[in-house]
Amino acid sequence: AIIAAPEICWLPPIPDIPLFITFHGNGIQLWRDRLGPQIHHVPPRVPACRLHPVTSLLGHEEPLIFPQGHPTGFSNELGVIIAPGGKNIPYEEAHRHIWGVTNCNDATRSGVWPIHFGRPMSEMVMHEQEGRARLGRASDAASAFGPWITTVDEVPNVLDLLIHCWGADGSYCRAHSSTYIMGPRNTLDYFSRFMTIPAGTGLQFGAPGTDGVGGFRDMQQAHGKTCE
């Protein structure tokens with residue numbers, strides 16, 4: 001029997017993912033936005049990251065549930081699936097451990113942290129704002145993931161992809177994956193020095209910014225609307 005799409009409950013492409021790492025501040029455009037046009041160098045390739053709980057992953061077209069009055073930011077981001085895993089993976093061999101790519105939509109419940117601190121974002125210092133980002137993104141079902149994985153035989157260079165995001169209000173942004181500071185090969189080379197990377201690990205590389213087409217990063221989402 002054929003099951004109609006609205007009756008399907010989608011799971012993430014790897015439901016019981018062994019490790020899911022999200023990068024923060026991984027786009028050069030982000031640093032230019034914050035520090036101004038005077039920044040001409042690329043920041044050191046040492047990752048700033050956070051771990052997502054498995055419960056934060058959300059399947060395709062599944063609802064993101066958050067309280068009324070909590071603004072929720074979102075942006076489209078590149079996800080990379082690692083297999084096989086390993087330890088002490090050199091940069092030159094890291095491409096052999098990149099199994100596929102997927103779509104990640106990193107939602108941020110940006111209303112969580114101001115409630116905790118009891119004052120608006122405009123009155124917070126930078127480390128408090130960054131803490132808000134980490135807490136808001138770790139909420140249950142905050143990271144849409146999927147709907148499928150495209151293997152690298154179809155996408156030979158994961159840093160040569162256009163990433164698009166459309167909002168329900170007509171907002172749009174586009175970026176190129178080459179603008180990431182930390183790519184999959186740098187990441188595997190760095191992390192595998194300290195830990196064994198399990199097969200099936202998901203790496204979410206953060207918002208790459210925009211390439212001038214569209215101007216929205218971390219767009220705001222309203223209740224009952226859809227982003228793509």
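The side chain to side chain contact (heavy atoms under 4.5 Å, CB included) check on Pro18 picks up Pro198, with sequence neighbours excluded. Not counting sequence neighbours, Asp16 has no partner by the side chain to side chain donor-acceptor pair (under 3.5 Å) test. Looking at residues two or more places apart in sequence or on another chain, you find no side chain to side chain donor-acceptor pair (under 3.5 Å) involving Thr150. Here Thr151 pairs with Asp153 under the side chain to side chain donor-acceptor pair (under 3.5 Å) rule; sequence neighbours left out. Residues satisfying the ring-ring contact (aromatic ring centres under 6.0 Å, His included) test with Trp10, not counting sequence neighbours, are His60. Residues satisfying the salt bridge (Lys or Arg N to Asp or Glu O under 4.0 Å) criterion with Glu93, sequence neighbours excluded, are Arg96. In this view, Ile149 and Pro13, Ile14, Ile81, Trp99, Thr102 satisfy the side chain to side chain contact (heavy atoms under 4.5 Å, CB included) rule, not counting sequence neighbours. Remark: Asn157 pairs with Leu159, Asp160 by the side chain to side chain contact (heavy atoms under 4.5 Å, CB included) rule, at least two apart or across chains.
Checking side-chain atoms of Ser192 against main-chain N and O of Ile89 turns up a donor-acceptor pair under 3.5 Å. Looking at Ser177, its side chain does come within 3.5 Å of a backbone N or O of Val158 through a donor-acceptor pair.
Closest approach of Thr201 to Ile17, counting heavy atoms only: C-CD1, 4.4 Å. The shortest non-hydrogen separation linking Leu188 to Ala94 is CD1-O, 3.7 Å. Between Gly206 and Tyr180, the closest heavy-atom pair is O-OH, 2.6 Å. The two residues Ala83 and Gly200 come nearest to each other via the heavy atoms CB-N, 4.4 Å. What you find for Leu162 and His176 is that their closest heavy atoms are CD2-CD2, 4.1 Å. Minimum heavy-atom separation, Pro90 to Asn88: CD-O, 3.3 Å.
If you take NE2 on His164 and CG on Asn103, they are separated by 11.0 Å, rounding to the nearest 0.5 Å. Interatomic distance, Phe205 CZ to Met182 CE, rounded to the nearest 0.5 Å: 7.5 Å.
Between Met195 and Leu19 the shortest side-chain heavy-atom distance falls below 4.5 Å. Phe23 is not listed as a side-chain neighbour of Gln204, based on a closest heavy-atom distance of 4.5 Å or more.
No close placement of the Tyr190 and Tyr91 rings is indicated, their centers lying 6.0 Å or farther apart.
Residue pairs meeting the salt bridge (Lys or Arg N to Asp or Glu O under 4.0 Å) criterion with at least one partner in residues 196-208, sequence neighbours excluded, do not occur; the list is empty. For residues 177-192, the pairs satisfying salt bridge (Lys or Arg N to Asp or Glu O under 4.0 Å) are Asp189-Arg193, with sequence neighbours left out.
Tracing side-chain contacts under 4.5 Å through hydrophobic residues (I, L, V, M, F, W, Y), one never reaches Trp148 starting from Leu203; they form parts of separate clusters. Clustering ILVMFWY residues whenever any of their side-chain heavy atoms sit less than 4.5 angstrom apart, transitively, puts Val155 in the very cluster that holds Val80. Under the 4.5 Å side-chain heavy-atom criterion for ILVMFWY residues, no single connected hydrophobic cluster contains both Leu11 and Phe20.
When each of Ser56, Pro15, Cys104 is checked for a side-chain contact (heavy atoms from CB on, under 4.5 Å) with Phe145, only Cys104 meets the rule.
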